[in-house]
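Small disclaimer: the values here were computed from a predicted structure and weren't measured. Numbers here are sequence positions counted from 1.
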Amino acid sequence: MKSFLIKPVLDENYKKISHGKGVFLYDEDGKRYIDGSSGAVTCSIGHGVEEIIEVMNEQAQKISFVYRSHFTNEPAEKLAEELARVLPGSLNFSFFVNSGSEAVETALKVALQYWQEKGQYRKTKIISRWMSYHGITIGSLSLSGHTDRRFRFVPLLDTSPTIHPPYCYRCPYDLTYPDCQLKCAAELEVAIKRIGADHIAAFIAEPVIGAAGGAITPPHGYYQRLKEICGKHNILFIADEVMTGIGRTGKMLASEHWNFVPDIVALGKGLSAGYTPLAAAVVSDHVMEPIVMGSKMIMSGHTYSANPQSTAVGLAVLNYIEKNQLVSESLRKGSILLNELRKLQVKYSIVGEVRGVGMLTGMEFVSDIFKRIPFRKEINLTNFIVMKAKENGLIVYPSSTGIEGDSGDAILIAPPLTITEEELQLLIDLLDKTLYEVEKHLQVSEINPA
C-alpha cells in the first residue's frame with residue numbers, strides 16, 4: 001500500500017511499531033527488540049510507565065494547552081522550580097520549548113540579548129566545535145560540525161564551527177594526553193584572538209559529543225580550561241545537554257563530571273523521556289539579571305512553549321527519576337556497560353575504541369586497529385551494523401566519526417536508565433552476535449569483493 005508519510009529513507013520498508021514496555025519494543029508482527037539506544041537517546045525511563053501515563057491522562061482532563069502570553073500554568077511553574085532545585089549553580093530560570101534544536105536556538109538568543117541589555121551590541125558571534133551536532137534548524141545547524149547533516153544547507157548557514165573537538169583517539173595535532181597540554185582547549189583562545197572577544201557572545205559545546213562523534217568524552221581538565229578561557233575573555237558558556245542531561249551520564253548534567261557550571265544549558269530528550277515533545281533553555285541568575293532589570297522579556301517563544309500537557313509530563317518524569325534514583329543507577333550500570341563493551345572491543349578487530357560516561361557510550365569501528373584506519377565510506381558500515389543489530393532484535397543509534405566527522409563509523413549504545421542487569425546482559429549478547437556477523441561478512445567481502 002502506498003504511504004504518504006515522509007520517512008527518513010523514502011523507499012525503506014519500515015516495520016510498524018505496535019507497543020513498548022520497559023526497555024522493549026514490539027513491532028506489528030510481534031517481534032521484540034531491546035531499545036539499546038533509548039530511541040534517539042531519549043526514552044530514559046523506558047516505555048509504558050503507568051504513572052507517567054496517569055499524569056498525562058489527568059492533565060488532559062484539566063487542560064492540555066494554554067498560550068503562554070495569556071496565562072501561566074501550574075505544571076510549567078512546578079517543573080521550572082524543580083529544575084532550579086536539581087541543577088547546579090544558579091541555573092534557575094527555564095524557558096520551555098518543544099525540541100532540542102529549539103532549546104539551542106533559544107539559548108543563542110538569550111546569549112545575544114544578554115549582551116544587548118548590557119549595551120554591548122558588538123558581541124554577536126558564537127564559537128562552536130567541529131564534530132558537533134546542535135540541531136537541524138538553521139541557527140543550530142550553523143553551529144554544528146556534522147558533515148552529513150550540513151552539506152545540503154551550507155548556502156543558508158550563518159557560520160561554521162571554529163575549533164577542534166577533544167578527540168583523543170584521533171588527535172588533530174598527533175599528540176597524546178597529557179603531554180598535549182590540552183592544545184584542543186587552548187585552540188579556543190586562538191579563535192577568540194582572531195575574531196576579537198568584543199565580537200563574541202558565547203561558546204557552545206556538547207559535554208559528551210553524541211550523534212556527530214560516537215560519545216567522544218574529553219580528558220580531565222579540558223572543560224575547566226575552556227570555562228577559564230571564556231571567563232577571561234568575557235564570553236558566555238552554553239552547554240548543549242540535550243542528549244547528556246537529566247541523568248543520562250550519571251549526573252543531572254554531564255557538565256558536573258568536569259566540575260564546571262555553564263551560564264546557559266539546553267535540555268531536551270530525557271527531560272520528557274520521549275513521552276511528549278519538551279525541551280528547555282535554562283538560564284543562570286547572572287545572565288537573567290540585566291534582562292530582568294532591562295526589557296523584562298526574552299524575545300523568543302513558540303506556540304506550544306510551556307504548555308501544561310508537556311510540562312506536566314516533564315515534571316512526572318523528573319519525579320520518577322528522583323524517586324527511583326536513576327541518576328546514580330545510570331553511573332553504576334554505565335560502568336558495567338562500558339566494561340562489557342570493552343570486552344567486545346578485545347574480541348573484535350573492527351572495534352577501534354569504546355568510550356563514554358554513564359549510560360551514554362559509543363563504539364568506533366576501524367579497518368586497522370593499529371593504524372586506526374576507518375572503513376571506506378562506500379561500505380556504509382554504520383548503517384549495515386544498525387540494520388544487522390535490528391535484525392537480531394537490538395536497536396542502536398548511528399553516529400558519525402573520523403577526524404573531520406565524515407570518514408568513519410560509530411554507533412551509540414545508550415539504553416534506558418531503568419534497564420536491569422539481566423536486560424543489560426541481553427543487550428551485550430545481541431551486540432556480540434551482531435558484531436560477529438558483521439565481522440564475518442566483512443571478511444567474506446574482502447575475499448570475494450563485489
Side-chain angles (χ1 to χ4, degrees), residues 83-84 86-93 103-104 106-108 110-112 114-115 118 120 123 125-132 134 143 145 161-168 177-178 180-210 213 216-246 248-267 281-290 357-358 360:
L83 286 173
V86 301
L87 296 184
S90 65
L91 288 163
N92 290 329
F93 290 86
V104 168
T106 303
L108 303 180
V110 171
L112 294 183
Y114 168 76
W115 294 113
K118 290 171 69 71
Q120 298 188 47
K123 291 175 80 70
K125 295 188 180 297
I126 312 290
I127 294 180
S128 62
R129 303 182 304 200
W130 200 251
M131 287 189 72
S132 62
H134 299 294
L143 299 170
T162 307
I163 68 173
H164 288 103
Y167 192 8
C168 292
Y177 179 81
C180 63
Q181 298 184 325
L182 296 172
K183 190 170 181 178
C184 55
E187 192 179 345
L188 175 60
E189 190 139 39
V190 175
I192 291 169
K193 288 178 180 178
R194 287 174 177 170
I195 298 168
D198 290 346
H199 295 285
I200 302 169
F203 169 72
I204 185 170
E206 300 167 89
V208 179
I209 302 172
I216 289 176
T217 308
H220 179 72
Y222 173 79
Y223 280 115
Q224 291 93 328
R225 179 71 180 121
L226 289 182
K227 192 72 166 67
E228 177 187 308
I229 292 170
C230 287
K232 175 183 173 182
H233 294 283
N234 210 20
I235 293 168
L236 297 179
F237 194 121
I238 302 171
D240 179 351
E241 298 244 15
V242 170
M243 186 174 282
T244 56
I246 314 297
R248 169 55 61 183
T249 68
K251 299 282 187 181
M252 192 56 71
L253 294 181
S255 310
E256 296 177 75
H257 288 289
W258 296 281
N259 300 314
F260 81 99
V261 180
D263 300 295
I264 307 172
V265 169
L267 297 174
V282 186
V283 187
S284 58
D285 289 351
H286 70 274
V287 174
M288 285 297 297
E289 183 179 8
V357 58
L360 178 57

Side chains of L91 and V283 in contact at under 4.5 Å (non-hydrogen atoms): no
Flag if over 12 foreign heavy atoms under 6.0 Å of NZ, K227: yes
Side chain to side chain donor-acceptor pair (under 3.5 Å) partners of S284, counting only residues at least two apart: H286
Trace of the side-chain contact (heavy atoms from CB on, under 4.5 Å) decision for L267 with L253: CA-CA 9 Å; L267 297 174; L253 294 181; 3.8 Å; yes
Test side chain to side chain donor-acceptor pair (under 3.5 Å) applied to S255 - qualifying residues, sequence neighbours left out: E241
Qualifying residues under side chain to side chain donor-acceptor pair (under 3.5 Å), relative to E228, sequence neighbours excluded: R225
Side chain to side chain contact (heavy atoms under 4.5 Å, CB included) partners of A84, counting only residues at least two apart: N92
Results of salt bridge (charged side-chain N to carboxylate O under 4.0 Å, His left out) for E289 - residues two or more places apart only: none
OG1-NE2 distance between T244 and H257, expressed to the nearest 0.5 angstrom: 9.0 Å
Spacing of CG belonging to L188 relative to CD1 belonging to I229, to within rounding of 0.5 Å: 5.0 Å
All side chain to side chain donor-acceptor pair (under 3.5 Å) counterparts of Y222, not counting sequence neighbours: R129
Distance (rounded to the nearest 0.5 Å) between W115 CH2 and K123 NZ: 4.5 Å
Ring pair (Phe, Tyr, Trp, His ring centres under 6.0 Å) partners of W258, counting only residues at least two apart: Y223
Distance in Å, I163 CD1 paired with W130 CH2, rounded so as to fall on 0.5 Å steps: 13.0 Å
Side-chain heavy-atom pair V282, P262 within 4.5 angstrom cut-off: no
Side-chain heavy atoms of T162 within contact of V190, under 4.5 Å: no
P219 and C168, any side-chain heavy atoms less than 4.5 Å apart: yes
Value rounded to 0.5 Å, distance of CD1 in I264 from CE in M288: 10.0 Å
More than 12 heavy atoms from other groups under 6.0 Å of CD on Q224: yes
Please list, one pair per line, the donor and acceptor atoms closer than 3.5 Å that link side chains of residues 230-240 to other protein atoms, with sequence neighbours excluded.
unit_1, atom_1, unit_2, atom_2, d
K232, NZ, E189, OE2, 2.8
H233, NE2, E189, OE2, 2.7
D240, OD1, V242, N, 3.1
D240, OD2, H134, ND1, 2.8

side-chain contact (heavy atoms from CB on, under 4.5 Å) between D263 and D285, intermediate numbers included: CA-CA 9 Å; D263 300 295; D285 289 351; over 6 Å; no
Residue list, ring pair (Phe, Tyr, Trp, His ring centres under 6.0 Å) with H164, at least two apart or on another chain: Y173
Shortest non-hydrogen contact between H220 and Y177, atoms and distance: O-OH, 2.8 Å
I'd like a table of donor-acceptor pairs (distance under 3.5 Å, sequence neighbours excluded) in which one partner is a side-chain atom from residues 193-208, with atom names and distances.
unit_1, atom_1, unit_2, atom_2, d
H199, NE2, R122, NH2, 3.0
E206, OE1, G210, N, 3.4
E206, OE2, Y133, N, 3.0

